[in-house]
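See structure below.
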Amino acid sequence: MRNPIAAVALLIGFGLHTEAAEAACGDVTIAEMNWGSAAVAAHIDKIVLERGFGCKVTLVPGDTVPTFTSMITRGQPDMAPEFWINAVRGPLAKATAENRLVLGAEILEDGAVEGWWVPKFIVDAHPEIRTVDDALARPNLFPSPKDPQKGALHSCPSDWSCQATTANLFKAFGVADKNFELVEPQTAEELDQSIAEAFEAQTGWLGYYWAPTAILGKYPMVKLSFGVPHNKVEWDSCTAVPNCASPQRNAYPTSQAFTLVTHEFTEKADAAIGYVRARRWTNATINSVLAWQLENKASNAETAEYFLKHHEDVWSKWVVPVIAEKITGRP
């Protein structure tokens with residue numbers, strides 16, 4: 001027979017431990033990065049850490065290099081929810097080896113993806129189109145807004161690094177010789193609008209894009225194979241270098257994005273480390289959430305609440321049941 005006094009003592013002890021852990025958490029700063037998926041992740045983390053673990057969370061503006069520099073030099077912010085590590089692999093390895101920074105989960109489960117895409121309705125109608133070369137053989141399917149007699153390959157704005165990669169791959173694949181022209185939008189909005197207009201008119205579109213994004217959540221697209229593996233040496237020496245004289249065929253790498261926290265965070269928010277190491281989602285999941293945000297003109301905070309309400313099957317695996325109950329407010 002169970003001892004009721006011992007059981008009560010156990011529950012009291014558990015409650016004291018939980019309260020102590022929450023009290024120890026204290027003030028936490030989280031970087032709200034300036035792109036959609038990372039910004040929403042920051043607001044989700046804010047809600048989970050506050051409701052589930054009793055932290056007091058402040059969101060601060062963030063971007064990759066400035067946030068990384070601040071975290072290793074000043075220990076602030078405490079957390080970067082979606083940190084793309086390719087740009088800082090060397091310094092990050094050193095910082096983690098010295099225990100100044102700690103890697104959490106790889107939040108983007110299938111990686112951050114870049115490439116050349118076409119609408120799914122094009123592939124459905126022409127299943128033979130699976131590679132870049134397949135698409136380039138059919139310029140009539142991807143009419144240019146400037147000259148419908150030519151095909152169009154859509155690039156990205158001039159201040160984005162992908163303009164250089166797209167221009168170099170345009171040259172490497174001899175796209176101009178296949179009756180295509182390069183279309184370079186002035187803004188991100190112009191690029192997105194070109195995709196929206198293609199879907200509205202059910203007209204082919206071919207060009208650069210990436211995931212996770214709201215656009216790929218709203219508009220079903222298929223990423224084409226470049227027919228060659230990613231060559232990092234060629235990429236670093238030419239593909240990613242503006243106006244490279246003799247670019248070779250190449251493919252975009254898959255970028256990794258992890259949750260990054262300071263060593264101090266692991267001490268004061270020890271109870272939340274399990275969550276930080278478990279939190280990850282697929283591009284399909286976050287694409288759909290960002291698409292909902294776009295359709296509803298919702299704020300990042302509203303989108304975080306939407307995710308927690310409608311994707312409990314995803315996030316409930318990141319925490320133990322007692323924490324999930326605190327987050328939902330349900331017993």
Side-chain angles (χ1 to χ4, degrees), residues 28 30-53 55 57 59 62 64 67-68 71 77-89 92-93 95-96 101-115 210-214 216-217 223 252-263 265-266 269-293 300-301 303-328:
V28 172
I30 297 178
E32 183 178 359
M33 299 301 210
N34 56 6
W35 61 91
S37 55
V40 170
H43 282 266
I44 291 171
D45 288 338
K46 182 178 190 297
I47 295 170
V48 170
L49 291 179
E50 288 185 337
R51 294 181 190 170
F53 298 96
C55 305
V57 177
L59 298 180
T64 303
T67 295
F68 178 75
M71 290 179 79
D78 292 294
M79 183 176 182
E82 183 188 300
F83 192 89
W84 293 32
I85 68 171
N86 279 3
V88 295
R89 280 187 180 273
L92 176 59
T96 53
L101 297 179
V102 176
L103 285 178
E106 186 172 2
I107 183 171
L108 298 180
E109 191 171 307
D110 36 12
V113 180
E114 298 177 272
W210 73 101
T213 49
L216 292 188
K223 186 167 73 75
Y252 283 87
T254 297
S255 299
Q256 291 181 286
F258 285 81
T259 297
L260 193 62
V261 299
T262 61
H263 176 69
F265 176 88
T266 67
D270 177 65
I273 290 302
Y275 162 72
V276 172
R277 288 177 173 155
R279 189 196 17 64
R280 54 193 294 156
W281 47 25
T282 63
N283 280 339
T285 296
I286 187 57
N287 281 349
S288 68
V289 171
L290 294 174
W292 178 89
Q293 180 181 31
N300 291 325
T303 306
E305 294 284 5
Y306 168 84
F307 170 79
L308 292 170
K309 180 178 180 180
H310 294 276
H311 290 276
E312 190 170 345
D313 60 318
V314 175
W315 68 260
S316 61
K317 299 173 184 176
W318 304 339
V319 294
V320 296
V322 67
I323 299 299
E325 290 173 4
K326 291 183 178 183
I327 295 168
T328 62

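- Between Ala304 and Ile47 the shortest heavy-atom distance is CB-CD1, 3.9 Å.
- Not a single donor-acceptor pair under 3.5 Å links the side chain of Thr67 to the backbone N or O of Thr64.
- The minimum heavy-atom distance between His263 and Val102, with the atom names listed, is CA-CG2, 4.4 Å.
- Between the side chain of Asn287 and the main chain of Ala214, no donor-acceptor pair closer than 3.5 Å is present.
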Worksheet item: Given the rule in the side-chain contact (heavy atoms from CB on, under 4.5 Å) test, do Thr328 and Trp315 qualify, once you have shown the distances and angles that lead to the verdict?
Response: CA-CA 11 Å; Thr328 62; Trp315 68 260; 3.5 Å; yes
Worksheet item: Given the rule in the side-chain contact (heavy atoms from CB on, under 4.5 Å) test, do Tyr252 and Val113 qualify, once you have shown the distances and angles that lead to the verdict?
Response: CA-CA 8 Å; Tyr252 283 87; Val113 180; over 6 Å; no
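- When each of Ile85, Leu103, Val276 is tested with Leu260 by the rule side chain to side chain contact (heavy atoms under 4.5 Å, CB included), just one qualifies, namely Leu103.
- Contact detail for Ile30 and Pro81: the closest heavy-atom pair is CG2-CG, 3.5 Å.
- Distance CD/Glu109 to CD1/Ile286: 13.0 Å, rounded to 0.5 Å.
- Side-chain atoms of Trp318 do not come within 3.5 Å of backbone N or O of Arg279 as any donor-acceptor pair.
- Heavy-atom minimum distance, Lys223 versus Glu114: CD-O, 3.6 Å.
- Taking every heavy atom of both residues into account, Val57 and Glu50 meet most closely at N-OE2, 3.1 Å.
- One finds the OG1 atom of Thr254 at 9.0 Å from the CD atom of Gln256 (value rounded to the nearest 0.5 Å).
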Item to complete: Evaluate side-chain contact (heavy atoms from CB on, under 4.5 Å) for Trp210 paired with Leu216, printing each intermediate quantity in order.
Response: CA-CA 8 Å; Trp210 73 101; Leu216 292 188; over 6 Å; no
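- A donor-acceptor pair is defined here as one N or O able to donate and one able to accept, closer than 3.5 Å; such a pair exists between the side chain of Asp110 and the backbone of Asn283.
- Within the model, atoms CG of Asp78 and OG1 of Thr262 stand 4.5 Å from one another, a figure rounded to the nearest 0.5 Å.
- Between Trp281 and Phe307, a ring centre-to-centre spacing shorter than 6.0 Å is recorded.
- Note that the CZ atom of Arg277 and the CZ atom of Phe258 stand 12.5 Å from one another [nearest 0.5 Å].
- We find the OG1-NE2 distance between Thr303 and His43 to be 9.0 Å, quoted to the nearest 0.5 Å.
- Checking side-chain atoms of Glu82 against main-chain N and O of Leu108 turns up no donor-acceptor pair under 3.5 Å.
- Tested against Phe53, the residues Ile323, Asp270, Val28 include a single side chain to side chain contact (heavy atoms under 4.5 Å, CB included) partner, Ile323.
- Salt-bridge check for Glu305 with Lys309: failed, with every basic side-chain N at 4.0 Å or more from each acidic carboxylate O.
- Heavy-atom minimum distance, Phe265 versus Met79: CZ-SD, 4.4 Å.
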